[in-house]
Amino acid sequence: MAQISLTFPDGSARDFEAGITPAEVAESIARSLAKKAISATVNGAHHDLQWPIEADASIAINTMADDAAALELIRHDCAHIMARAVQSIWPDVKVTIGPVIDNGFYYDFDRAEPFTPEDLGEIEKKMKEIINKRDPVTTEIWERDRAVKHYQANNEPYKVELIESIPGDEPLRMYWHGHWQDLCRGPHLQHTGQVPADAFKLMSVAGAYWRGDSDRAMLQRIYGVAFKTREDLKAHLHMLEEAAKRDHRRLGREMSLFHMQEEAPGQIFWHPNGWRIYTTLQDYMRRKQHADGYVEVNTPQVVNRTLWEKSGHWANYQEHMFIVEVDEDHAREKTINALKPMNCPCHVQIYNDGLKSYRDLPLRMAEFGSCNRYEPSGALHGIMRVRGFTQDDAHIFCREDQIEAECAKFIEFLSSVYSDLGFDKFEIMFATRPEKRVGTEESWDKMEAALENAIKLTGHAYTLDPGEGAFYAPKLDFKLTDAIGRVWQCGTFQVDPNLPERLGATYVGEDGAKHRPFMLHRACLGSFERFIGILIENWAGKLPFWLAPRQVVVASIVSDADDYVHAVVDRLTARGVRAEADIRNEKINYKVREHSMGKVPVILACGMNEVADGTVSVRRLGEKQTSVVSLDSVADELAQDALPPDLKHKSH
RNA sequence: GCUGCUGUAGCUCAGAGGUAGAGCACUCCCUUGGUAAGGGAGAGGUCGAGAGUUCAAUUCUCUCCAGCAGCACCA
């Protein structure tokens, strides 16, 4: 037997016979280690204890103390145990795949009847039984024909299809959890009892297409979460509750920001409070863009189909457009229009009106463009994914040699906006030429180099996203991270040589000849609607003072202070602070509770002491402490707080 | 769009084959209270829409609409 040398984490090495398994290695070190072992890391790869090692390697034996390995195995074994439980309750259910995902796992089943919430409880119970059996997990490599025949005989067509899609030179690995068998690349735990029986929970069942293809069968996917300990599970469930409390749909209702109703699906009825956030944000963006050299325009909502035919939207985007047919009696025919789903074709119309010189470039044309897209009903989600929205859209018309500078300028712009809005962390995805594309290699080289150099110029890190560019040019996507670690793609910067071509945009160059400009599509927030949703969830409704729809409530403690309350409100209003009076016949406790729950950042309480001294009692949201301060200094402080960040920077 | 679930008062939800109930919110009265719910009274609903079964439907069935979760989509 050949000898191999295995190197341990402490740097020591020992010789073993080739073909030894990590389980045997662990056994040779200590009995107790062999019992505790769950898997091995061999040459950096996650390795089953039962897989033989044939050559020299580095090896580490993993136990439950190794978080990454432990969680992966627990979740993966949980998926198998769930599938086994399902098949033991309903033997005719067909199994497919069951991978590990963030915090848990899922498994897709084919079953005629839907799983109900009660079914999930029953499955959980069965899973616990299986875990308590401590059935050994075993594995074998099978010949392809044998595996196919096996699954054909067992009426598991999805497994047959899976096998057929695995390349011929890859070994097919089978796993058994007790008598239950599954095709799986592994690794797995040693026995089912290593899965903590009190640290998993089946969460939900939902449809999912077989192989992610909407033309294929709809399967039933059961989602579960699994952890090492019951405490971890409880912490996770608690976190989900906290996340649900930030849900912008819930906060939108509680704070009376907006509502939606079924006569206008996917469109928003903005209430005064919500619209104040919207206009404050829009005013801010307008100032920022103006300061950055943009001109602002506005273009039509309803545009004849002929323009969409020219732009290519009619051919490529029609199913997402609201079509408006106007029956013009006198014309004896219908005029077909579409609500604009994007602003770009209209911006080219403004560009095309009159001759443009190279001296006009770069021309940065911005519009808070209201767009309508007929999104599939299942895609709608609160104000985050809607059918009517407004983009902070702009198109920069420029020469090819200006792309790099414009791109760098935009990255700086976006970085400053995100930081003003409370997002310090964002990521740049650089999407390069896809397989199906138009244009010469030389032009792709230039466009990609321009974007890459621009990023480098700004000193930001970026992630390459190969092959994900548009068919005509590369692009950058900007993803920000919110307060609870979720990632949102909002900003985008897209080079476009295509649309100017289609719509015949030109400029007169230094040589007196006509040239084709490039068009750079760019957005920072994406859509105001979605971005406000993100802001609400990021701040859990407690928006920074300058963005808060209701900034100050001045509350009377006794009604003799009512006149003073009004005077305080007037004083603050004059200083640009959004202040309102609460002189209702309620106790101060009641008022404090209500406005705290309404997420009003500052409550100023006024009783007879304050009236006498010309002071107010200040209570800031989230703080129990109050302080009595002179009205003059509070007015100064709040007036300063109410300034949007761009104006604040100036005044310092 | 697909699969499943849901739709009852402004909100959160209970309910039953015989045309509905709670808490909070709302209105009025009492109370003037010092930092997260003072007390009392009152008003408020075509039970998502349409059709069917039935003596009778908000309840059962079907269709549609909308919402929720996930999938697919996001040129």
Side-chain angles (χ1 to χ4, degrees), chain A residues 101 106 108-117 119 203-223 244 247 249-250 253-254 256 259-266 308 311-321 341-342 344 373-382 384-387 389 434 436 470-472 477 489 492 494 496 498-499 521 526-527 530 553 555-562 583-598 603-610 617-628:
Chain A
I101 51 174
Y106 67 78
D108 287 348
F109 301 98
D110 185 6
R111 178 188 180 217
E113 302 74 40
F115 289 110
T116 64
D119 289 342
M203 302 297 286
S204 62
V205 50
Y209 296 109
W210 170 234
R211 316 214 108 183
D213 183 344
S214 60
D215 290 331
R216 308 199 62 173
M218 175 65 76
L219 306 170
Q220 296 189 62
R221 174 173 298 177
I222 302 181
Y223 284 92
D247 191 309
R249 291 165 299 187
R250 173 178 176 154
R253 201 172 39 243
E254 287 174 1
S256 188
H259 86 268
M260 304 176 86
Q261 62 188 49
E262 59 177 87
E263 287 86 346
W308 305 115
S311 71
H313 289 86
W314 198 256
N316 297 317
Y317 204 68
Q318 197 181 145
E319 79 230 54
H320 294 289
M321 299 207 280
M342 296 170 198
C344 18
R373 294 181 187 170
Y374 189 80
E375 300 285 2
S377 59
L380 301 178
H381 179 85
M384 301 273 209
R385 185 86 180 265
V386 287
R387 289 181 175 158
F389 57 93
K436 276 179 67 181
F471 69 91
Y472 45 77
D477 282 330
Q489 196 235 299
T492 185
Q494 230 169 297
D496 185 1
N498 184 50
L499 201 59
H521 307 253
S527 95
R530 178 164 175 271
V553 167
S556 56
I557 294 170
V558 293
S559 45
D560 283 343
D562 288 357
I583 55 166
R584 290 174 304 168
N585 176 15
E586 297 291 350
K587 294 196 168 184
I588 192 64
N589 287 329
Y590 186 92
K591 295 180 183 180
V592 164
R593 176 166 197 270
E594 183 170 290
H595 300 307
S596 298
M597 291 200 310
I603 298 171
L604 302 181
C606 303
M608 294 323 284
N609 296 337
E610 286 75 14
S617 167
V618 184
R619 181 179 170 124
R620 287 190 180 263
L621 186 59
E623 291 172 19
K624 265 194 111 69
Q625 279 285 314
T626 60
S627 56
V628 176

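In the text below, chain A, chain B and the rest are named by the order of the sequence lines, each starting its count at 1.
For the atom pair OG of S559(A) and CD1 of I583(A), the computed distance is 9.0 Å after rounding to the nearest 0.5 Å. Within the model, atoms CE of M260(A) and CG of L380(A) stand 7.5 Å from one another, a figure rounded to the nearest 0.5 Å. L499(A) CG to Y472(A) OH: the interatomic distance, rounded to the nearest 0.5 Å, is 7.5 Å.
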Exercise for the section: Convert the base pairs of RNA chain B into dot-bracket notation, remembering that pairs crossing earlier ones are written with [ ] and that bases paired across to another strand are shown as |; include only Watson-Crick or G-U pairs under 3.5 Å. Expected result: (((((((..((((....[..)))).(((((.......))))).....(((((..]....))))))))))))....
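Taking atom C1' in both rA22(B) and rC74(B), the straight-line distance is 44 Å, to the nearest Å. Taking atom C1' in both rG42(B) and rU53(B), one finds a spacing of 41 Å when rounded to whole Å. rG67(B) sits 16 Å from rU12(B) when the C1' atoms are compared, rounded to a whole Å. Between rG70(B) and rC11(B), the distance separating the two P atoms is 23 Å to the nearest Å. Across rG50(B) and rC65(B), the matching P atoms stand 15 Å from one another, rounded to whole Å. Spacing of C1' atoms, rU63(B) relative to rA69(B), comes out at 24 Å, to the nearest Å. Taking atom P on both rC24(B) and rG39(B), the two are 9 Å apart, rounded to the nearest angstrom. Taking atom P on both nucleotides, rU19(B) is separated from rU59(B) by 14 Å, rounded to a whole Å.
In plain terms, the two heavy atoms of G266(A) and V386(A) that are nearest each other are O-CB, 3.1 Å. When all heavy atoms of R584(A) and E594(A) are compared, the pair lying nearest together is NH2-OE2, 2.9 Å. The nearest pair of heavy atoms linking W308(A) to M342(A) is CH2-O, 3.9 Å. In terms of heavy-atom proximity, F389(A) sits nearest to P341(A) at CZ-O, 4.5 Å.
Applying the side-chain contact (heavy atoms from CB on, under 4.5 Å) rule to S617(A) yields the partners A605(A), E610(A), T626(A), V628(A); only residues at least two apart in sequence or on another chain are considered. By the salt bridge (charged side-chain N to carboxylate O under 4.0 Å, His left out) test, R385(A) is found to be paired with E375(A), residues two or more places apart in sequence or in another chain being considered. Among residues two or more places apart in sequence or in another chain, the side-chain contact (heavy atoms from CB on, under 4.5 Å) test is passed with D477(A) by M429(A), K475(A), Q489(A), T492(A). The side chain to side chain donor-acceptor pair (under 3.5 Å) test applied to D562(A) returns S556(A), not counting sequence neighbours. The ring pair (Phe, Tyr, Trp, His ring centres under 6.0 Å) check on H381(A) picks up H248(A), with sequence neighbours excluded. Y590(A) meets the ring pair (Phe, Tyr, Trp, His ring centres under 6.0 Å) test with no other residue; sequence neighbours excluded.
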Identify the pairs formed between an N or O of the protein and an N or O of nucleotides 5-13 of chain B at a distance under 3.5 Å, and give each distance.
{"residue": "rC11(B)", "atom": "O3'", "partner": "R253(A)", "partner atom": "NE", "Å": "3.3"}
{"residue": "rU12(B)", "atom": "OP1", "partner": "R253(A)", "partner atom": "NH2", "Å": "3.1"}

Could you list all N or O pairs between the protein and nucleotides 58-64 of chain B that sit under 3.5 Å apart?
none

Between N or O atoms, less than 3.5 Å apart, protein on one side and nucleotides 26-30 of chain B on the other: list the pairs.
none

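In this pair, Y317(A) and H320(A) present their aromatic rings tilted. The plane angle is within the 30 to 60° band.
The base of rG34(B) sits with one of its N or O atoms less than 3.5 Å from a complementary donor or acceptor on the side chain of N609(A). One N or O donor and one acceptor, one from the side chain of S559(A) and one from the base of rU32(B), sit under 3.5 Å apart.
Rounded to whole Å, atom C1' of rG4(B) lies 14 Å from atom CG of D108(A).
Within the 4.0 angstrom heavy-atom criterion, base atoms lie near M608(A). At the heavy-atom level, E610(A) lies under 4.0 Å from base atoms of the strands shown.
Mapping E263(A) and F115(A) onto RNA chain B by nearest heavy atom places F115(A) closer to the 5' end of the strand.
At distances below 3.5 Å, not a single donor-acceptor pair connects side-chain atoms of K591(A) with backbone N or O atoms of I603(A).
Contact annotation: K591(A) does not reach the phosphate of rU35(B) (side-chain N/O to OP1 or OP2, under 4.0 Å).
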Report all side-chain donor-acceptor pairs from residues 204-217 of chain A shorter than 3.5 Å, counting only partners two or more places apart or in another chain.
{"residue": "W210(A)", "atom": "NE1", "partner": "E161(A)", "partner atom": "OE1", "Å": "3.1"}
{"residue": "W210(A)", "atom": "NE1", "partner": "E161(A)", "partner atom": "OE2", "Å": "3.4"}
{"residue": "R211(A)", "atom": "NH2", "partner": "S165(A)", "partner atom": "OG", "Å": "3.2"}
{"residue": "D213(A)", "atom": "OD1", "partner": "D215(A)", "partner atom": "N", "Å": "2.8"}
{"residue": "R216(A)", "atom": "NH1", "partner": "E161(A)", "partner atom": "OE2", "Å": "2.9"}
{"residue": "R216(A)", "atom": "NH2", "partner": "E161(A)", "partner atom": "OE1", "Å": "3.0"}
{"residue": "R216(A)", "atom": "NH2", "partner": "E161(A)", "partner atom": "OE2", "Å": "2.9"}

Completion exercise
Per-nucleotide protein contact along nucleotides 67-75 of chain B, 5' to 3', at a 4.0 Å heavy-atom cut-off (B base, S sugar-phosphate only, - neither), is SSSBBBBBB
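Residue Q625(A) qualifies as open at atom CD: its count of foreign heavy atoms under 6.0 Å is 12 or below.
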